[in-house]
Protein chains: 2
Amino acid sequence: MRVTIKQIASKLGVNPSTVSRALSGKSGVSDRLREKIVREALKMGYFPDMTAMGLRKGHTKVIGVLIPDISNPFFAQAVRGMEKIFYPMGYQLILCSTEENSEREAANLRMLVSQRVEGLLSAPVDSGGNSVIYRKIHAEGIPIVFFDRLIPDLKLSSVITDNEQGIRDLMEYLHRRGHRKLGIINLRGRSFTGKVRLRSAIETAEKLGIEIRQEWIKDGNSTQSEAYEATVQMLSLESKPTAIIVNNNLMMLGTMKALRDLKINVPKDVSLVGFDDSYWNQIFDPPISCIAQDPEQMGLIAATMLLDAIFHHAKPVQTVLKAHFIERESVSVIS
Amino acid sequence: MRVTIKQIASKLGVNPSTVSRALSGKSGVSDRLREKIVREALKMGYFPDMTAMGLRKGHTKVIGVLIPDISNPFFAQAVRGMEKIFYPMGYQLILCSTEENSEREAANLRMLVSQRVEGLLSAPVDSGGNSVIYRKIHAEGIPIVFFDRLIPDLKLSSVITDNEQGIRDLMEYLHRRGHRKLGIINLRGRSFTGKVRLRSAIETAEKLGIEIRQEWIKDGNSTQSEAYEATVQMLSLESKPTAIIVNNNLMMLGTMKALRDLKINVPKDVSLVGFDDSYWNQIFDPPISCIAQDPEQMGLIAATMLLDAIFHHAKPVQTVLKAHFIERESVSVIS
DNA sequence: AGGGGATACGCAAACGTTTGCGAATGCAGG
DNA sequence: CCTGCATTCGCAAACGTTTGCGTATCCCCT
């Protein structure tokens, strides 16, 4: 059986309340007794019971984190950033991978508030689907910070990168290099990032005089295999674009594999740029030019904002991070 | 304020115990009343309080997971495998990234038992360091399953891949292709996998008549940058090995980058094989031959074993997974 | 109609903490 | 020595559930 405060108390012939005060560093207990209690607790191997503490004090030292896909290094690194903030404060992270599934997200959310998390960090799968649940949770007084993706209806805290600017940088670069026919491998579905990146690509194309035919817009979920398929399809068209934007780090893997299998040379036969810079872009042959985000930094900021909301009841803040372009060797010059 | 069972009870003029029974599907409450209670709970937006439940019932529906590095896809995928088992059972995962730091691991462990996790899944940073804590936790009755790495002293449950066999397969392949001089980029420190892989490489070398000079053994932590350094050092030696084993997926990134920067051709100038097959190996130029593990499967098995321990008090089991060799194009033939 | 068993519900204790309050003890100053 | 205040500690309630037990009610059968 597990050792409790009561056991320590009865062993020392004092009251549990005294033990509690001693161990939690509260005043009202003599130094002599306190030291004796601390020593005994150590000796008996006492671990405080957070469930009891949480019940009594109302906070649990636990934060809920929702990400769409844990095996995507982007989100993994974001979580690492959060850890960096929360670990020193003695907080634990409950991590839920929603697998890009709204119902699963909803179920996870319910579980998390049942676990009495003190705050929520979420990259929602859907830019609308679960807004009622989020709203309800917010109304319960649980602070929420969105990261990477957000739900536009809800005026909650968020930290995202400037997707519009990222796409614009990418396309202006391509334009400068003479590209006028652009294909896009996009994230399927109602995901926030997929939608805004596609939309601003189309807007920017308009502005720059770049052509994006309907059949040059392919999509897939965030996996290698679907991106592979999309790439094969696009490049088997009769008239092909001269450059392709791949809107997601994992999809870049599939695209690269497809290009290799098709024996299509980058950048000679087709140029390639990516959104997000994961481990591999710089090591591919050729190294891929892309828009780099800093997921760890993003997680860090999101965590700080959440902390602010928990402790100081800070009002919701929307943060937008600048994306920066990295030039490598995956884009040809068309004259 | 948050809605409780008591509030529902008083609103309906019944006793809290009845509400509890109704909501948890226990017998002893009429269908009519049960339905009324459920409807009211839904209307009031009731969320069960897991901390209170945990306190009263003694279990919290929470599992603790310890990994050395969340941004390593290997561990991320293992966690995904665990999620696959635990999500359908209504369990939550508390994820701790120890950052390959023993003291941090110890602190995390203490917090986790304080959170009253029902079980522990851990890839310990150290093949010995925190064994006393693990032992104590096990003595408290909290089931533990190690994965990927283990602590040999402790006869607890574990699931690891057959590192010896993996290394042997790799080296026999190199040997068949005529390689007799082998370098190793290894995981530094007292990590389980690093140690056993190096040891079995040396043993196998002995057996096959392969030479591994002391200066051909380089190490680093599990990052690109240190592997980069190690690779540069090894290849600036006067007499170089003809083939290199890279013992870790992230380190492969650094090695590849170094080779490219040094303009060393694989496999013409030096051959390369890796332990663990992450996203990128098959897309590099050339594609890298390697020993593939299945981290998701590993996580899945570890989770199942833990569940068995929790529900059926299963005795500790040691599971060893076969690794399988994937031949690609990174090894030359020496005649 | 009466008896008996099943069913439906209430009562209260318990899980391990924290905390306001009161009581006892200590000490210092007059 | 007495008053008064500060310090140290114990008492008991409270957090939101669950659950064993007791009692009242219902239904069914003879």
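Below, read A as the first sequence line, B as the second, and so on, with proteins coming before strands; counting in each chain starts at 1.
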Problem - Residue-level proximity of residues 53-61 of chain A to DNA chain D when a heavy atom falls under 4.0 Å - result: A/Leu55, A/Arg56

Exercise for the section: Report, as yes or no, whether the 6.0 Å neighbourhood of atom NZ on B/Lys61 holds more than 12 heavy atoms from other residues, nucleotides or ligands. Expected result: yes

Exercise for the section: Assess the pair B/Phe192 and B/Phe146: is the distance between their ring centroids shorter than 6.0 Å? Expected result: no

Fill in the blank from the handout: Result for 5'-nearest mapping on DNA chain C, choosing between B/Val29 and A/Ser24, is B/Val29

Handout entry: 4.5 Å side-chain heavy-atom contact, A/Ile85 and A/Leu306
Key = no

Completion exercise
Here the distance between atom C1' of C/dT18 and atom OH of A/Tyr46, to the nearest Å, is 11 Å

Exercise for the section: Please state how far atom CD1 in B/Ile37 lies from atom P in C/dG10, giving the value in whole angstrom units. Expected result: 8 Å

Problem - Close side-chain approach of B/Leu307 and B/Met89, heavy atoms under 4.5 Å - result: yes

Handout entry: Whole-Å gap separating P (C/dC15) and CD1 (B/Ile5)
Key = 19 Å

Exercise for the section: Compare all side-chain heavy atoms of B/Met82 with those of B/Tyr91 and state whether any distance is below 4.5 angstrom. Expected result: no

Handout entry: B/Leu23 CG to D/dT17 C1', straight-line distance once rounded to whole Å
Key = 11 Å

Practice task
Quickly, which of B/Val38, B/Leu33, B/Val14 forms a side chain to side chain contact (heavy atoms under 4.5 Å, CB included) with B/Val19? Name it, please.
Solution key: B/Val14

Between the protein and nucleotides 24-28 of chain D, which nitrogen or oxygen pairs are less than 3.5 angstrom apart?
none

Handout entry: Minimum-distance nucleotide (side-chain atoms of A/Lys6 versus C/dC9, D/dG16, C/dG16)
Key = C/dG16

Completion exercise
Between NZ of A/Lys36 and C1' of D/dC9 the distance, given in whole Å, is 13 Å

Problem - Side chains of B/Gln318 and B/Ile160 in contact at under 4.5 Å (non-hydrogen atoms) - result: no

Problem - Exercise: do B/Glu83 and A/Ser97 side chains pair donor with acceptor under 3.5 Å - result: no

Problem - Residue-phosphate contact under 4.0 Å: A/Lys26 side-chain N/O, C/dT18 OP1/OP2 - result: no

Handout entry: Over 12 non-hydrogen atoms of neighbours within 6.0 angstrom of CD in B/Glu140
Key = yes

Practice task
Looking at every strand, decide which applies to B/Arg34 at a 4.0 Å heavy-atom threshold: base, sugar-phosphate, or nothing.
Solution key: nothing

Practice task
Could you identify which residues of residues 9-22 of chain B place a heavy atom less than 4.0 Å from some atom of DNA chain C, listed by residue number, or say none?
Solution key: B/Gly13, B/Val14, B/Asn15, B/Ser17, B/Thr18, B/Arg21

Exercise for the section: Indicate whether the side chain of A/Tyr87 and that of B/Glu99 have a donor and an acceptor atom separated by less than 3.5 Å. Expected result: no

Problem - pair B/Gln293-B/Leu321: side-chain heavy atoms closer than 4.5 Å - result: no

Exercise for the section: Mind checking A/Arg2 for me? I need base, sugar-phosphate or nothing, with any heavy atom below 4.0 Å counting as a touch. Expected result: nothing

Practice task
Measure the distance from CZ on A/Arg116 to C1' on D/dT17 and round it to the nearest whole Å.
Solution key: 11 Å

